[in-house]
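So that the names make sense, note that chain A is the first sequence line, chain B the second, and so on, each numbered from 1. Bear in mind the structure is a predicted one, so any value in this text is a computation, not a measurement.
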Amino acid sequence: MPELPEVEVVRRGLQASVLNRTVRRVDVRAPMLRWPVPVELPQRLTGGAPSAIERRGKYLLLRFDAGWLIVHLGMSGSLRWARAGQALRAHDHFDIEFDAGVLRLNDPRRFGAVLWHDAAAGPLHAHPLLASLGVEPLSPDFDGDMLYAATRGRRVSIKQLLLAGTVVVGVGNIYASESLFRAGIRPTTPAHRVGPQRCRRLAGAIRDTLRAAIAAGGSTLRDFVSSDGQSGYFQLECNVYDRAGQPCRVCGKPVRVTRQQQRATYWCPTCQH
DNA sequence: AGCTGGTCCTGATGGC
DNA sequence: TGCCATCAGGACCAGC
């Protein structure tokens with residue numbers, strides 16, 4: 001479920017609700033998510049308070065005096081406030097109890113992760129999961145020139161390159177299709193065949209698409225993290241994603257679906273070249 | 001049975 | 001040959 005915009009909306013929700021709030025208690029029910037939840041985590045967090053809530057790609061990063069809590073929502077993870085005394089549901093794997101309430105991680109598919117990076121272990125950006133990530137799409141570092149330089153010599157399709165996250169992070173399967181549609185580029189085009197002009201258009205399309213999605217989520221999810229972490233996501237109207245056979249919103253031709261690396265790609269044969 | 005919004009890891013390939 | 005970067009596929013898992 002979560003792509004970068006969703007994670008960013010979660011981050012903002014957390015920033016508004018748990019920044020500088022003291023952790024009273026931590027419950028780990030499923031020790032095995034994508035990786036084991038570190039056994040020392042409850043002890044490290046309890047009594048501390050997050051002094052910053054950041055995001056890198058789709059990783060949520062909560063800074064504590066003792067180190068960083070790293071959370072990834074995988075494909076099916078959500079963070080919500082549990083009402084007082086609320087019964088556990090299936091796949092409620094992890095709780096952080098603040099004075100204000102219990103923040104609960106639910107993740108049916110368990111592709112998500114909850115990890116700890118100790119302050120003594122060096123700078124966070126050197127963490128193996130973060131060290132080789134591409135640039136942030138909404139940062140000034142990401143533009144057409146950068147994208148053009150990074151795609152030289154790359155024979156993979158432009159969509160797969162976006163998805164890989166090594167050039168630019170946070171572009172998941174949905175927004176890859178949406179951004180390429182916006183830029184008028186066929187997803188199967190080899191990355192090195194996308195010229196400087198089109199790289200500029202694509203970089204702009206990625207930024208615009210992500211920003212619009214964040215705005216949609218942010219405006220919809222008033223008390224985010226507190227009720228339904230999904231509503232913002234489904235408000236988003238896609239141009240091509242999941243619209244196979246339906247008319248393109250621009251030219252009216254049926255949207256096509258193909259498969260790249262076992263992932264569905266949606267595109268318009270007339271609007272994208 | 002086959003699909004699903006992520007991404008790390010492994011092993012194969014290819015260029016220098 | 002060895003080393004590197006690149007690339008494809010498998011793996012994890014539950015729900016619909």
Assuming nearest nucleotide by heavy-atom distance, tell me which of Q261(A) and R109(A) is located more 5' along DNA chain C. Q261(A)
Is there a path of hydrophobic side-chain contacts, each under 4.5 Å between heavy atoms of I, L, V, M, F, W or Y residues, that connects F181(A) with L4(A)? yes
Taking the side chain of [X] as heavy atoms from C-beta outward, which of [options] is closest to it?
X       : options                 : result
P108(A) : dG5(B), dG15(C), dC8(B) : dG15(C)
F111(A) : dT7(B), dT4(B), dC13(C) : dC13(C)
Q262(A) : dG5(B), dC8(B), dG9(C)  : dG9(C)

Could you give the distance separating dG9(C) and dC3(B) at their P atoms, to the nearest angstrom? 15 Å
Please say whether more than 12 non-hydrogen atoms of neighbouring residues, nucleotides or ligands are located less than 6.0 Å from [atom1] in [X].
X       : atom1 : result
D65(A)  : CG    : no
R193(A) : CZ    : no
R83(A)  : CZ    : no

Taking only side-chain N and O atoms of Y175(A), does any of them lie within less than 4.0 angstrom of OP1 or OP2 on dG5(B)? no
Salt bridge E178(A)-R182(A), side-chain N to carboxylate O under 4.0 Å: no
Pairing annotation in dot-bracket form, given for DNA chain C with Watson-Crick or G-U pairs under 3.5 Å and | for cross-strand partners: .|||||||||||.|||
Roughly, in whole Å, what's the span from NE2 in H91(A) to C1' in dG15(C)? 8 Å
To the nearest angstrom, the CG-C1' distance between D242(A) and dT4(B) comes to 10 Å
What pairs of donor and acceptor atoms, side-chain ones from residues 153-162 of chain A against any protein atom, are under 3.5 angstrom apart with sequence neighbours left out?
unit_1  : atom_1 : unit_2  : atom_2 : d
S157(A) : OG     : Q160(A) : N      : 3.2
S157(A) : OG     : Q160(A) : OE1    : 3.1
S157(A) : OG     : Q260(A) : NE2    : 3.0
K159(A) : NZ     : N173(A) : OD1    : 2.6
K159(A) : NZ     : A264(A) : O      : 3.2
K159(A) : NZ     : T265(A) : OG1    : 2.9
Q160(A) : NE2    : Q261(A) : OE1    : 3.0

Strand contacts (DNA chain C) in residues 146-163 of chain A, 4.0 angstrom heavy-atom criterion: R154(A), R155(A), V156(A), Q160(A)
Using a 3.5 Å distance criterion without hydrogens, assess whether the side chain of D95(A) forms a donor-acceptor pair with backbone atoms of E97(A). no
Main chain of Q197(A), side chain of R201(A): is a donor-acceptor contact present, judged purely on distance under 3.5 Å? no
